[in-house]
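The model shown is predicted, which means the values in this text are computed figures rather than measured ones.
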Amino acid sequence: MKKLLLVFNPNSGKGLIKNSLMQIIQILSEADYEVTVYPTKKANDGYEKVLEVGDNYDVIVCSGGDGTLNEVVGAILRLENKPQIGYIPSGSTNDFAASLNIDKNMVQAATAIANGNIYPVDIGLVYTDGEYERSFNYVAAFGAFTQVSYNTPQELKNVLGHQAYVFSGAKELLNLKPQYMQVSGIDENGNEFNIEGNFLYGMVSNTQSVGGMKGIIGNTVDLQDGIFEVLLVKEIKTPLDAQELLGAYITQDYDKCKMVHNLKTSHISFKSDVDVDWTFDGEYGGARKEVTYKVMEAAVDFLI
């Protein structure tokens, strides 16, 4: 019998996992797993628990939002023998689950894990001052709207769900400020690139959904190709700039839009003269003047 650790955030979303927990445990148990259940109690608790005991399990199932999953995956990357991962989304937005087409119904998601196939997924690695710091599952971002997720109270998320992000994002429209950045790296064809300027938003991602919006970076995303998709949105100076940017988003054709840089890379660095706030998988990740992101191809195995 294989051993399975179920790590869940009881406060994620509207706490609805409590209504399905026994059924989820039964489904996993009937799939011949010896199930151990661990509810997280504080921030980073999931990371610490998996780092402590993860080597003892064949599968670790995570239930919560993207932040909880970030903790679990981050810990698994540090284990010598990496267990397979199952994800039962219960957050307000669940971008990563949307990219993997994981069912929003928690019981159905558990059934998929019990019957699922292995799907290797790339993971982003964060380096500061040349040293590995942490990981992200699907997006690292700076600039406009990146504060929406971690500045939105959990109580508001529980009551309004995804609308809570829209509500908080609308308030941030009044405070949009560009950020000067020097960006360098190697593109998917092996060519070096150097870009600099004032940007409203920057995103390094491996996802088909950001902030609950699918297709924001086009329709050519592959979660296991060893490549990041990068989107840099330039400072908006005129109404025509805003119109062009909106048109590019609607058509998903960024190649002809002078308001964005859209590229693919496995290695990219950002440098600024001042500390810049970054988010990782929708959670605040600290301020940095310099940071480098690299892809770890097929880093973890999901059961989907």
Side-chain angles (χ1 to χ4, degrees), residues 1-119 121 123 134-138 154-155 157-158 161 281-283 299-304:
M1 180 177 289
K2 292 184 178 181
K3 299 181 68 175
L4 182 150
L5 175 64
L6 171 59
V7 178
F8 75 95
N9 181 352
N11 299 314
S12 179
K14 299 179 180 180
L16 295 179
I17 189 174
K18 299 171 186 177
N19 300 330
S20 305
L21 186 58
M22 293 309 300
Q23 192 172 357
I24 290 170
I25 294 172
Q26 182 177 356
I27 290 169
L28 298 174
S29 179
E30 290 177 351
D32 203 29
Y33 286 113
E34 178 185 332
V35 181
T36 301
V37 179
Y38 183 79
T40 60
K41 305 170 183 64
K42 58 183 179 179
N44 220 41
D45 194 20
Y47 175 86
E48 293 173 357
K49 184 64 176 180
V50 172
L51 197 60
E52 177 187 356
V53 304
D55 280 319
N56 301 323
Y57 292 89
D58 301 289
V59 175
I60 296 179
V61 174
C62 166
S63 181
D66 292 322
T68 304
L69 182 64
N70 179 284
E71 291 185 19
V72 170
V73 171
I76 287 176
L77 289 179
R78 293 183 180 270
L79 299 178
E80 184 174 352
N81 299 310
K82 299 180 181 63
Q84 296 168 349
I85 306 174
Y87 185 32
I88 301 174
S90 60
S92 301
T93 302
N94 304 309
D95 283 317
F96 195 73
S99 293
L100 289 175
N101 292 318
I102 296 175
D103 203 302
K104 294 180 180 179
N105 181 291
M106 286 181 278
V107 172
Q108 292 299 322
T111 302
I113 292 168
N115 301 324
N117 297 313
I118 296 174
Y119 187 84
V121 173
I123 297 296
R134 57 169 295 165
S135 65
F136 64 92
N137 298 334
Y138 71 96
Q154 184 65 51
E155 294 78 9
K157 295 179 186 178
N158 289 347
D281 297 341
E283 302 289 335
V300 290
D301 291 332
F302 276 82
L303 292 171
I304 63 173

Legend entry - Check: Thr68 and Tyr87 side chains under 4.5 Å, non-hydrogen atoms: no
Legend entry - side chain to side chain contact (heavy atoms under 4.5 Å, CB included) between Glu71 and Val50, worked out: CA-CA 9 Å; Glu71 291 185 19; Val50 172; over 6 Å; no
Legend entry - ring pair (Phe, Tyr, Trp, His ring centres under 6.0 Å) against Phe8, all qualifying residues, sequence neighbours excluded: none
Legend entry - Inter-residue atom distance Leu4.CG - Gln84.CD, 0.5 Å rounding: 10.0 Å
Inset, instruction - State, yes or no, whether a side-chain contact exists between Lys49 and Thr40 at a heavy-atom distance under 4.5 Å. - result: no
Inset, instruction - May I ask you to check whether over 12 heavy atoms, not counting those of Lys41, lie within 6.0 Å of atom NZ? - result: yes
Legend entry - side chain to side chain contact (heavy atoms under 4.5 Å, CB included) against Asn19, all qualifying residues, sequence neighbours excluded: Leu16
Legend entry - Between Tyr38 and Asp45, a side-chain donor and acceptor under 3.5 Å: yes
Legend entry - Straight-line distance of Ile27 CD1 to Ile113 CD1, nearest 0.5 Å: 9.5 Å
Legend entry - Asp32 side chain vs Met1 backbone, donor-acceptor pair below 3.5 Å: no
Legend entry - Nearest non-hydrogen partners of Leu303 and Gly116, listed with the distance: CD2-O, 4.2 Å
Inset, instruction - Output the distance between atom CG (Leu79) and atom CG (Asp55), rounded to the nearest 0.5 Å. - result: 4.5 Å
Legend entry - Nearest atoms (heavy-atom pairs only) where Gly46 meets Val7: CA-CG1, 4.2 Å
Inset, instruction - Measure the shortest side-chain to side-chain distance between Leu6 and Leu21 over non-hydrogen atoms and say whether it is less than 4.5 angstrom. - result: yes
Legend entry - Pairwise distance CG(Asp301) to CD1(Ile85) - rounded to 0.5 angstrom: 8.0 Å
Inset, instruction - Sequence neighbours left out, what pairs pass ring-ring contact (aromatic ring centres under 6.0 Å, His included) with at least one residue falling in residues 50-69? - result: none
Legend entry - Closest approach of Ile102 to Ala109 (non-hydrogen atoms, all atoms of both residues): CG2-CB, 4.0 Å
Legend entry - Which atom of Ser12 lies closest to which atom of Gly65, heavy atoms considered: OG-N, 3.1 Å
Inset, instruction - Write down the atom of Asn9, the atom of Gly64, and the distance for their closest heavy-atom approach. - result: CB-CA, 4.3 Å
Inset, instruction - Kindly indicate whether the side chain of Asp103, heavy atoms from C-beta on, has any atom under 4.5 Å from the side chain of Thr111. - result: no
Legend entry - Any donor-acceptor N/O pair, Asp66 side chain to Asp281 backbone, under 3.5 Å: no
Legend entry - Within 6.0 Å of CD in Gln23, more than 12 heavy atoms from elsewhere: no
Inset, instruction - Start with the C-alpha distance between Val59 and Leu28, add both sets of side-chain angles, then the distance that settles side chain to side chain contact (heavy atoms under 4.5 Å, CB included), and finish with yes or no. - result: CA-CA 11 Å; Val59 175; Leu28 298 174; over 6 Å; no
Inset, instruction - Mind running side chain to side chain contact (heavy atoms under 4.5 Å, CB included) on Ile304 and Asn117 for me, showing each step along the way? - result: CA-CA 6 Å; Ile304 63 173; Asn117 297 313; 5.8 Å; no
Inset, instruction - Look up atom CZ in Phe96 and atom CG in Leu69, then write down how far apart they are to the nearest 0.5 Å. - result: 6.0 Å
Legend entry - Side-chain heavy atoms of Ile17 within contact of Ile24, under 4.5 Å: yes
Legend entry - Trace of the side chain to side chain contact (heavy atoms under 4.5 Å, CB included) decision for Val300 with Ile123: CA-CA 8 Å; Val300 290; Ile123 297 296; 3.8 Å; yes
Inset, instruction - Can you see which heavy atom on Asn70 is nearest to which on Ser135, and at what distance? - result: ND2-O, 3.4 Å
Inset, instruction - Can you measure from CG (Asn56) to OG1 (Thr36) and round to the nearest 0.5 angstrom? - result: 9.5 Å
